[in-house]
Structure formats: structure tokens, C-alpha cells
Amino acid sequence: MSGSDPLVWLPFDPAELGELPEGLRYERVDPVRDELPASKDEVRFLVPNYQLGGRIGPFLAQLPALEVVQTQTAGVDDVRPHVPEGVTLCNGRGIHDASTAELAVTLTLSVLRGIPGFTRDQDRAEWNHGWRRSLADRRVMILGYGSIGAAVEARLTPFECEVVRVARSAREGVHAFTELPDLLSDVDVVVVIVPLTDETRGLVDADFLGRLPDDALVVNVARGPVIDTDALLAELHAERLHAALDVFDTEPLPSDHPLWTAPNVLMTPHVGGTSSAMQPRAYALIRAQLARFAAGEPLENVMTGAY
């Protein structure tokens with residue numbers, strides 16, 4: 001390693017990555033906690049803090065030599081607008097597949113089997129026996145069939161349910177968004193895992209929800225604005241649909257938000273990706289990307305930029 005080697009900034013101790021690719025210099029810099037060091041004029045490869053998100057704008061503007069931003073998030077809708085022209089943005093595709101898929105299935109099972117009600121009964125020492133719906137024999141739509149969607153399906157398969165795959169464009173075994181009006185009336189559960197784009201913002205609107213059968217469940221582990229919250233609240237208050245939400249229009253969710261008191265909803269505080277499964281997968285992806293960068297090879301997960 002020499003002073004002329006490209007500089008990499010990581011938000012954690014570089015030693016945590018294990019064996020580091022040669023031909024690069026490494027510094028721990030976390031703009032959430034740290035002042036930018038003088039080496040800001042040299043850094044060429046940046047891995048931001050997982051929680052930096054849309055606050056990254058002023059930070060990136062101070063890095064004149066920057067070539068690559070490698071996020072630890074799958075969604076980059078809050079980062080993409082701030083990436084300077086000519087800088088390559090790579091997302092964290094693959095990092096959160098296992099963790100987010102686990103939560104999607106957990107939320108689905110919890111609502112169908114009535115776990116929130118049982119938890120409240122336990123707090124009151126009440127015994128309320130009764131029938132609940134099973135995931136077995138349900139028809140589950142995965143709306144956004146990418147790598148996380150495939151991970152959701154892999155975990156649903158042992159539960160003896162039927163999976164309907166939907167993505168932006170049709171391909172073998174996968175329906176297109178344009179087919180949604182003909183599909184929604186026959187599904188019991190919709191797991192939403194699309195990226196947030198102009199096309200998907202408000203995709204789950206009043207018309208979408210209105211086409212679902214009574215007692216259908218909507219699980220959102222994508223981004224809050226994918227769902228029209230007012231339309232969802234109307235369905236919840238009518239007690240026609242159920243929802244399990246990990247993401248919201250505003251986060252943290254304000255204490256006076258009507259979702260807190262709405263019926264038929266289970267909420268978690270955007271924890272889809274934050275489990276023990278995240279770190280080893282993040283480190284593996286970052287190591288692989290740094291090795292490609294050091295070798296002058298094409299990067300993976302490229303969302304925008306020069307590569």
C-alpha cells in the first residue's frame with residue numbers, strides 16, 4: 001500500500017472486513033459522528049453509514065475525487081438525487097434479502113394467526129381460544145419480484161401456499177404491473193417489496209386496495225410512499241382489509257399519526273433489514289466490490305454513474 005493507492009472510506013474499522021483487497025488505502029470515516037478529515041480531497045470509494053440516507057447530500061458535495069458510492073441499503077431513492085454527475089452509485093442488493101424476507105413472512109404469519117391479539121390477551125391474563133387463518137392454502141402475491149422477492153418466496157414455499165409473482169415487466173413465471181387489475185381479486189396476501197420510483201409511488205392506491213377481497217392482508221416491507229396511506233386507512237377503519245407495515249411515509253411515525261390507533265394493523269419500526277443477518281452479508285458485498293475496484297473490473301449493483 002502506498003500513498004498513491006486509491007483511498008477508501010468505511011464507516012467501520014476496516015479490519016472488520018477481514019482480508020482487505022490490496023492496492024487500496026483505508027480509513028474509517030463516519031459522517032454521522034465524525035468531522036470530515038483532510039483526506040476528503042482524496043477519497044475515491046465511499047461506503048456511507050447505513051443510516052445516513054438522504055442526509056448524504058452536503059457530505060458528497062465535499063468529495064472532489066469521489067468515483068464510487070456503495071450503499072448498504074437496497075433502496076437508493078433518498079441517495080440517488082445527491083450523487084454528483086460521473087460518480088457511480090451501487091446499491092446493497094443482496095445484503096437485506098434474508099432479513100427482510102424473514103420479517104415479511106413473520107408479519108404475514110403474525111396477522112393471519114392473530115399473534116398481536118394473543119399478545120394483548122397475555123398482558124391481560126385472558127384466555128381467548130378460537131379459529132385463526134393459516135398461511136397454508138392462501139394465495140400470496142409478491143409485488144416486486146427481485147432478489148428480496150425471490151427470498152420471500154423461498155421462505156413461503158414450505159408453508160404450502162400459492163405464490164403469484166409480479167414485477168415491473170413480465171417474464172417467464174412473473175406477471176407485469178399492468179396485469180394487477182386482473183390478479184388482485186384472487187389473492188389473500190400482498191407482500192409489497194418494490195423499489196420506490198416515480199412509477200411505484202402510490203402504486204397501492206384506493207383502486208388497488210378496492211380490488212382485493214375482504215379480509216385480504218397487505219404487507220409493506222418496501223417504502224412507505226408506495227402505499228396511499230389515506231386509502232389504506234379508509235379500508236382499515238372499514239375493517240375490510242388487514243395491514244402489516246414496516247415502512248411509512250414519515251419515519252419515525254409521529255405519535256399522533258392515525259395509523260397508531262387504526263384497527264387491523266400491525267406495525268414495526270422499519271426493521272426489515274436490521275438483523276444479525278445484515279452485517280456478514282454487507283461485509284461480503286463490500287469486500288467483493290473493493291476487490292473489483294482495485295482490479296479495475298466492472299462493479300456490480302450499479303444504479304447510476306460512470307461504470
Side-chain angles (χ1 to χ4, degrees), residues 30-33 48-59 71-79 81-82 96 99-100 102-126 128 143 148 189-196 200-206 208-210 212 215-276 278:
D30 182 358
V32 172
R33 299 189 301 261
N49 184 296
Y50 174 67
Q51 299 176 328
L52 188 57
R55 294 175 293 162
I56 201 171
F59 172 52
T71 73
Q72 299 181 72
T73 58
V76 292
D77 50 278
D78 54 349
V79 175
H82 305 289
H96 304 288
S99 184
T100 303
E102 283 183 358
L103 182 65
V105 175
T106 298
L107 292 174
T108 301
L109 285 167
S110 295
V111 172
L112 292 178
R113 297 303 299 266
I115 301 303
F118 291 139
T119 300
R120 295 183 181 103
D121 291 344
Q122 181 178 338
D123 291 340
R124 297 187 294 261
E126 294 181 1
N128 289 313
L143 181 58
I148 297 178
V189 179
V190 178
V191 176
V192 184
I193 191 59
V194 293
L196 180 61
T200 62
R201 187 179 296 273
L203 176 65
V204 182
D205 58 10
F208 182 111
L209 296 169
L212 292 170
D215 285 327
L217 166 63
V218 178
V219 179
N220 190 10
V221 289
R223 287 289 187 266
V226 171
I227 292 182
D228 181 332
T229 302
D230 289 339
L232 179 62
L233 280 165
E235 295 284 6
L236 294 175
H237 281 291
E239 299 193 39
R240 195 183 75 82
L241 298 180
H242 300 260
L245 310 174
D246 185 51
V247 289
F248 307 89
D249 292 338
T250 302
E251 298 180 4
L253 192 66
S255 60
D256 60 350
H257 196 284
L259 277 170
W260 286 114
T261 54
N264 288 5
V265 61
L266 171 62
M267 298 189 293
T268 52
H270 201 157
V271 293
T274 50
S275 79
S276 59
M278 175 187 166

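- By the 4.5 Å heavy-atom criterion applied to side chains, V271 and S275 are not counted as neighbours.
- Side-chain contact between F59 and H82 is absent, with no heavy-atom pair separated by less than 4.5 Å.
- Checked for salt-bridge contact, R120 and D123 miss the test: no charged N lies under 4.0 Å from a carboxylate O.
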request  = Starting from the C-alpha separation in whole Å, work towards a yes-or-no answer on side chain to side chain contact (heavy atoms under 4.5 Å, CB included) for I56 and T71.
outcome  = CA-CA 11 Å; I56 201 171; T71 73; over 6 Å; no

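- D77 has its side chain out of reach of P195: every pair of non-hydrogen atoms, C-beta onward, lies at least 4.5 Å apart.
- H96 contributes a side-chain N or O that, together with a main-chain N or O of Q72, makes up a donor-acceptor pair within less than 3.5 Å.
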request  = Please lay out, stage by stage, how L143 and V204 fare under the test side chain to side chain contact (heavy atoms under 4.5 Å, CB included).
outcome  = CA-CA 10 Å; L143 181 58; V204 182; 4.2 Å; yes

inquiry  = Between S110 and L266, does the side chain to side chain contact (heavy atoms under 4.5 Å, CB included) criterion hold? Intermediate values first, please.
reply    = CA-CA 9 Å; S110 295; L266 171 62; 3.8 Å; yes

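- Of the listed residues (V218, T229, L232), just one forms a side chain to side chain contact (heavy atoms under 4.5 Å, CB included) with L245, and that residue is L232.
- Here the side chain of N220 pairs a donor or acceptor atom with the backbone of R223 at under 3.5 angstrom.
- With a 6.0 Å radius and a threshold of 12 heavy atoms from other residues, nucleotides or ligands, E126 has its CD atom above the threshold.
- Looking at heavy atoms from C-beta onward, W260 lies in side-chain contact with M267 at the 4.5 angstrom threshold.
- Taking both residues in full, the closest heavy atoms of D205 and D228 are given as CA-CB, 3.9 Å, listed atom of the first, atom of the second, then distance.
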task = Tell me, with the steps shown, if V192 and V194 meet side chain to side chain contact (heavy atoms under 4.5 Å, CB included).
result = CA-CA 6 Å; V192 184; V194 293; 4.1 Å; yes

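- Contact annotation: the side chain of L259 approaches that of L236 to within less than 4.5 Å [non-hydrogen atoms, C-beta and beyond].
- Using modelled atom types, one side-chain atom of D246 and one backbone atom of H270 make a donor-acceptor pair closer than 3.5 Å.
- Taking the side chain as every heavy atom from C-beta outward, P225 and L196 approach each other to under 4.5 Å.
- Closest non-hydrogen pair, P263 versus E239, comes out as CG-CG, 4.0 Å.
- Under the 4.5 Å side-chain criterion, counting only non-hydrogen atoms from C-beta, L112 is not in contact with L109.
- Between V265 and H242, the closest side-chain pair of non-hydrogen atoms is not below 4.5 Å.
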